[in-house]
Protein chains: 2
Amino acid sequence: MKNSMTCSPFKSTEEKIREAAKRVFLEKGFDGATSRDIADAAGINIALTNYYFRSKEKLFMSIFEEMFQLFFNGIAEIMNKPIGFREKIAELIDHDFELLKKNPSLAIFVMNEIHRNPDRMATSIEVLKKVHHSQFEAQLQQEIERGAVRPITAMHLMPLIFCNIQFLFMGKAMHMKMWQVDEVGFDAFANKHKELVKDLVLTYLYEYEKVT
Amino acid sequence: MKNSMTCSPFKSTEEKIREAAKRVFLEKGFDGATSRDIADAAGINIALTNYYFRSKEKLFMSIFEEMFQLFFNGIAEIMNKPIGFREKIAELIDHDFELLKKNPSLAIFVMNEIHRNPDRMATSIEVLKKVHHSQFEAQLQQEIERGAVRPITAMHLMPLIFCNIQFLFMGKAMHMKMWQVDEVGFDAFANKHKELVKDLVLTYLYEYEKVT
DNA sequence: ATAGATTTTAAACATTTGTTTAAAAAAACT
DNA sequence: AGTTTTTTTAAACAAATGTTTAAAATCTAT
């Protein structure tokens with residue numbers, strides 16, 4: 001139970017397993033990944049996965065919860081930042097984009113595992129509530145009341161902000177096939193699309209027929 | 001090799017297997033579904049799945065291709081309809097919504113299986129090209145040239161149209177948990193959100209500062 | 001250095017997996 | 001009727017799966 005949170009090049013066995021499991025689970029999902037896949041990716045004996053994590057399910061939940069936090073924690077933090085609403089939305093989109101650029105399978109992984117077994121969210125509700133009860137909703141209400149932003153609920157606005165970016169990476173393979181572009185072509189498209197989405201959302205929110 | 005396309009209440013064994021496989025694969029994915037799951041769901045002996053479809057992989061591909069067609073064929077048809085561009089976009093959104101309302105797991109299923117194994121798309125490229133080479137792109141270009149629609153490529157516009165609806169159903173479980181609503185509450189939200197998305201896309205496209 | 005605890009290993013375990021076999025049942029045909 | 005073909009069944013198959021065991025290796029402390 002030592003050396004569990006360092007960044008030294010000498011990783012503990014537990015860390016090696018976690019990192020391998022992260023890679024394998026993200027790529028293949030819970031059902032598609034085997035204990036031996038993970039042991040091989042970590043370069044360790046199979047028995048060690050159960051020695052450190054008791055079972056495949058426990059190891060998976062450990063990874064899933066980390067990914068779920070990664071998915072929502074950054075969002076919750078930005079939502080509570082003391083910055084303007086317009087800038088906040090732009091930053092949320094930029095952040096989501098960078099996060100998924102670094103972890104292209106994150107969105108489809110989280111969505112799929114939740115879809116297959118919604119109970120897996122049970123242990124991670126707090127971070128969802130953190131998003132729900134952030135400054136974001138109150139700030140939106142203020143913007144609406146002063147007539148700057150078109151009337152809309154946070155429940156409707158949040159999906160508009162995130163779905164475009166997440167769909168971009170979930171549908172990456174399909175996009176490349178459909179438009180016959182390679183990795184480089186997709187990256188160029190993705191960057192342009194991100195800016196387009198920012199423009200789309202902000203234009204829709206801020207430029208509307210004010211009825212006073 | 002008879003009775004393969006009737007709607008009679010007496011289904012052939014092959015049909016029973018297909019329908020069961022459709023349900024099980026959509027619910028659990030390829031990796032999560034077992035041959036015995038499908039046989040049980042169909043109420044038939046295990047050996048029959050291989051008697052009619054040779055292997056689990058072949059049975060899966062048969063179902064996957066059908067779902068992939070279902071996913072894109074309706075879209076391609078609407079894109080080639082001789083109607084106005086504005087109405088076309090509205091109809092595309094309505095159609096996607098109704099399709100996913102009937103098959104809530106369709107979007108996550110197709111996206112996930114493609115993500116896990118992009119080669120599965122290989123046999124279904126034609127329908128992708130059908131979408132690509134539809135009337136939609138030319139019509140968009142006309143609208144842009146006459147100054148009615150903001151300059152944008154079809155490659156950027158199509159995701160805007162579909163991602164919102166598809167994300168809605170892919171994230172259904174998460175939405176219900178986050179906003180503490182039940183099935184009924186979600187349906188009400190979904191209906192409102194669909195109209196919002198139509199308004200969002202059409203407003204963005206048609207109401208902009210024309211520079212002549 | 002030695003004893004004790006911890007970590008790692010190879011091997012085995014019982015299930016489950018996709019698939020096949022060979023016989024039985026049903027259907028189709030003469 | 002009887003014969004042949006098609007469909008269905010129960011049983012078995014090898015391979016793969018998650019997990020455990022018991023011994024070996026390594027580390028920790030006296």
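Below, chain A is the first sequence line, B the second, and so on; all start at residue 1.
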* Short side-chain N/O contact from B:Tyr51 to OP1 or OP2 of D:dT7, under 4.0 Å -> yes
* So which nucleotide from C:dT6, D:dT7, C:dA10 ends up closest to the side chain of A:Asn45? -> C:dA10
* Nearest to the side chain of A:Asn50 - D:dT20, D:dT8, C:dT19? -> D:dT20
* Residue pairs involving residues 97-106 of chain A (criterion side-chain hydrogen bond (donor to acceptor under 3.5 Å, both in side chains); sequence neighbours excluded) -> none
Hey, what are the protein-to-nucleotides 15-17 of chain D N/O distances that come in under 3.5 Å?
none

* To the nearest Å, how far apart are B:Asp40 CG and C:dT17 P? -> 10 Å
* Asked: Within this structure, what is the CE-to-P distance between A:Met61 and D:dG18, rounded to whole angstrom?
  -> 17 Å
* SB check A:Lys22 A:Glu66 (cutoff 4.0 Å) -> yes
* Asked: Just checking, B:Arg18 and B:Tyr52: is the charged tip under 6.0 Å from the six-membered ring centre and within 45° of the axis?
  -> no
* **Close side-chain approach of B:Leu196 to B:Asn164, heavy-atom, < 4.5 Å** => no
* What is the distance, rounded to the nearest whole Å, between atom CD of B:Glu14 and atom C1' of D:dT7? -> 12 Å
* N or O in side chain of A:Tyr52 less than 4.0 angstrom from C:dT8 OP1/OP2 -> yes
* Asked: Closest to the A:Ile46 side chain: C:dT8, C:dT9, D:dT19?
  -> D:dT19
* Would you indicate which nucleotide in D:dT8, C:dT20, D:dT21 comes nearest to any side-chain atom of A:Ala47? => D:dT21
* With A:Lys194 as reference, evaluate A:Asp94, A:Asp96, A:Asp199, A:Asp187 under the salt bridge (Lys or Arg N to Asp or Glu O under 4.0 Å) test and give the passing residue. => A:Asp94
* Taking NZ, NE, NH1 and NH2 as the nitrogens, is one of them in B:Glu195 or B:Lys198 under 4.0 Å from a carboxylate oxygen of the other? -> yes
